[in-house]
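Order of the sequence lines sets the chain letters (A, B, ...), proteins ahead of strands, with each chain counted from 1.
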Protein chains: 2
Amino acid sequence: MSKETITGLAKRLGISKASVSYALNGQPGVSELTRRRVLDLAEELDWYPSSSARALSRSRAGAVGMVLSADPLLIGTEPHYMAMLAGIETALAEGDMALMLRMVDKGPVQEQSTYERWAGERKVDGVLIFDHLHDDPRPTLLDRLGLPFVLHSAPASAAPASYSGTTTDHAVDAATIVDHLHDRGHRRIAHVSGPHRFVHEEERIRGVRERAARHGLEVVQVETDYALTSGHDAVVTLLRAPEAPVTAMVFGNDLMAMGGLLALRELGLRCPDDVAMVSWDDSLHCRLASPAVTALSRNPGMQGRVAAELLLALLDTGTIQTKPMPHGELVLRSSTATG
Amino acid sequence: MSKETITGLAKRLGISKASVSYALNGQPGVSELTRRRVLDLAEELDWYPSSSARALSRSRAGAVGMVLSADPLLIGTEPHYMAMLAGIETALAEGDMALMLRMVDKGPVQEQSTYERWAGERKVDGVLIFDHLHDDPRPTLLDRLGLPFVLHSAPASAAPASYSGTTTDHAVDAATIVDHLHDRGHRRIAHVSGPHRFVHEEERIRGVRERAARHGLEVVQVETDYALTSGHDAVVTLLRAPEAPVTAMVFGNDLMAMGGLLALRELGLRCPDDVAMVSWDDSLHCRLASPAVTALSRNPGMQGRVAAELLLALLDTGTIQTKPMPHGELVLRSSTATG
DNA sequence: CTGAAAGCGCTTACAG
DNA sequence: CTGAAAGCGCTTACAG
C-alpha cells in the first residue's frame, strides 16, 4: 500500500488537486457531484489528508497542549486530574483537535520552557493552563509567545478580562463549608490549605475567614502543600497546640483530609466525635474513608470540558470569554455528622 | 515578532538554508564555527524549527499516540492509569517525542477508528497499546496500517515474537498471592476477576487455580468488570451462596476490593476476621482503607516508562524486543493479618 | 565545507 | 465550476 496523496486522488478522478481539496474541506468551488465522488473515493481508499502537510499549509497544528506540572506522585493519586483530563479530551475530540500532554516535575521553569518550545515549533495552537498563581508569569509569557490560552478555574475575584477562562467563586464555596460547620455546632475550626502562592487558596482563606467572622467562629489557618503526609502532620501539630483545640478541620484537598484522618486515628481520637472533617475536593477517597468525609463536589470533568470548549472557541473565532462555574455542592457524610 | 524561519536565519548569517539545517541537526557538512554561529543565533532569537515543516519533510510526526479506552468514571478513579501515563510521558519527553492522548468511551470500535485516522493522517509515528484481548484485533490492524506499536503488559504466555512489548508473568504473581493466603490458613478462597476477554485475566485465573490445586485449596471464580459496585455485588453473592463460605477473596483490582470491603461492612462481617482480602493492584485506596488491604504492588510508572522506551527503540532502529517486567511484590496489610 | 534545487503533501488565491 | 501555480518551512541528495 504505497501511500496515497491528494495528487493520486486527483489523478484517479481526472480532476485537479484543488478540487479534491475543496471537496474534502467542504469549501465552495466544486459541484456536488464532484464532491461526492471525492469523498467516496477517499472513504474507499481509507485515505486521510496528511496532518503535517495540512498543518504546514494552514499554519495550524491541529492540537492543543497541556502541561501537568506537579509531583508525579501527587498526580497519580489525585483523581481530580484524571477526571479533568477526560472532560478536556472529550471536548477537544469533538472539535477535532488533538491533545498533547506533557508532565513535568521540576516546576514552573520546565513548564515555561515547554510553552516556549511549543510556540517556537508551532506544535500546538493553544494551551490550557490552570492553578493560577500570584503574579502568574504564564499569561504574560504566553502573550509574548503569541500562544492562545485559556486559564482554567481562575478565582472569580481575579477574573481576567483580557483572556478566556473559567472562574470559580471560592467565597461562595467557603460560605457553604463554614455554614455547615457552624450549623453542626462548631465554634473553633482549622483550615488546612494548600500553598498560598495559588490565588485560589488565598481566596478560599479569605472566604473562610470572612464567613467565620460573621458567625463569630474562630479559625486557625495552616498552610501546607496538598500532600497526604502534610495533612497528617498539620493535624498532629494542631492538636498538640496549647490553645483550645479546634473541633473541626477543613482540608484543601482530599489527600490532606485522608492524612488528617490517619493522624486522628494515631492519636486515638475519633472523627467526627472529637474532630469533624471536610475536604474541599470530593473523590472516591472521601467516599471510601471511614468515616466517609464530607466534601465539596465540583465536577472536574464538566469543568475541564467547558475550559476546552472555551479554548476551541478562542482558536476558532478569537472569542474571549469568561465562564463562571457552578458552585460546589457539599456532599454530607459521616465526618461531619452530629453525634 | 514576525515569525523567523530557517531562511531568515540563513540570510542573517550569510549562509545557505542547508547549512543551517545541518548545523541544527548535528549533521556533518558544516564547520564547527558555522555550527556554533547557527546555534547561538537560534538561541538568541528563541527560534525553533517548525514541527509541521519538519514532520512533512522527514515523514515523521514526532509524536506517539495512546488511546485510553475505558469508562471515564473508571479511568478517573483508577490511579493505575495516571501513574502509567506519567511514566510513559517522562520517557517520551526524554526521547523528544510528544504524547498524543485520546480517551474513548465507546469501546474497541472507537479505539480502532482512532488508529485508522492517526495512521492515515500520519499524525503519530507509533502507538502504545495495552490490555491485551483474546483474538486482539489491534496488532493485525496496526500491522495493516503500517503503524508501529508496543504492546504494554502482555501476559508472558502470550509473549508475541513478532512485535515489541513488555510482559508480565501472572502465574508468578498468582503464586505469590495464593501462597500468602495458604500461609494464613485459608483453605477456600474466591477470585473475583475482571472480564475474561482480557488475556491477563485468563492467565491470572489459571495461575490461581493451579497454585491453589497444589496446596489443595478450593477456589471459587467470579467474573466481573473492575467496577467498585461489581466488587461489592460479587461479595454479596458469594456470601449468600449455600455452599461453605470462602474465608478469603482476591480481587482483580483495587476498586473491586474497595467495593468488597463495603459489602462486608453492610453484611456486618469483619475483615480479616470473617473474610480476608487481597487486591491484585496496589494503590492509595488499598493503603487508606480500613482495614488496609494487602495488595500486589507492580509499579505502573516504571512499567509505563519501559514500554515507552521500547516504542522509542522501535521507531528509532526498528528493534523488536520483549521485556519481562519484575514480579509484583505483595504489600502485607491488615486485610490478611492473622487474628 | 557550502549552495542551488527539488521534494514532502497539502491549501489557496488567481485566471480561465 | 475547474486548473495551473505558488507557498507553507523544513530536509536532503547533488554539484561544486
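- Taking 4.0 angstrom as the limit, A/Thr34 places a side-chain polar atom (N or O) nearer than this to OP1 or OP2 of D/dT2.
- Contact check, B/Gln27 against D/dT12: a side-chain N or O comes under 4.0 Å of OP1 or OP2.
- What separates CD1 of A/Ile6 from P of C/dG9 is a distance of 12 Å, to the nearest Å.
- Along DNA chain D, the nucleotide closest to A/Pro28 and the one closest to A/Lys17 are compared, and the more 5′ of them pairs with A/Pro28.
- Counting to the nearest Å, the C1' atom of D/dT11 and the CG atom of B/Leu24 are 11 Å from each other.
- Between A/Arg54 and the phosphate of C/dT11, there is a side-chain N or O to OP1/OP2 separation shorter than 4.0 Å.
- For C/dG3, the OP1/OP2 oxygens have a side-chain nitrogen or oxygen of B/Ser16 closer than 4.0 Å.
- Within a 6.0 Å radius of CG in A/Asp135, no more than 12 heavy atoms belonging to other residues, nucleotides or ligands are found.
- You'll find that the side chain of B/Ser31 is closest to C/dC1, out of D/dT11, C/dC1, D/dT2.
- The shortest distance between the side-chain N/O atoms of B/Trp47 and the OP1/OP2 oxygens of D/dG9 is not below 4.0 Å.
- No contact: A/Ser59 has no heavy atom under 4.0 Å from any strand.
- At the phosphate of D/dT11, OP1 or OP2 sits under 4.0 Å from a side-chain N or O atom of B/Ser21.
- Between A/Tyr163 and A/Phe149, the two ring planes are tilted [angle within 30° to 60°].
- Put simply, B/Arg58 has no side-chain N or O that comes within less than 4.0 Å of OP1 or OP2 on C/dC8.
- Across all strands shown, B/Ser19 has heavy atoms under 4.0 Å from sugar-phosphate atoms exclusively, and none from any base.
- Under the Watson-Crick or G-U wobble criterion, with both distances below 3.5 Å, C/dA13 has no partner in any strand shown.
- In this structure, C/dA4 makes no Watson-Crick or G-U wobble pair, since no nucleotide meets both defining distances under 3.5 angstrom.
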Worksheet entry | Residues A/Arg117, B/Asp96; criterion salt bridge (Lys or Arg N to Asp or Glu O under 4.0 Å); working and verdict | CA-CA 12 Å; A/Arg117 179 122 184 236; B/Asp96 214 24; 2.9 Å; yes

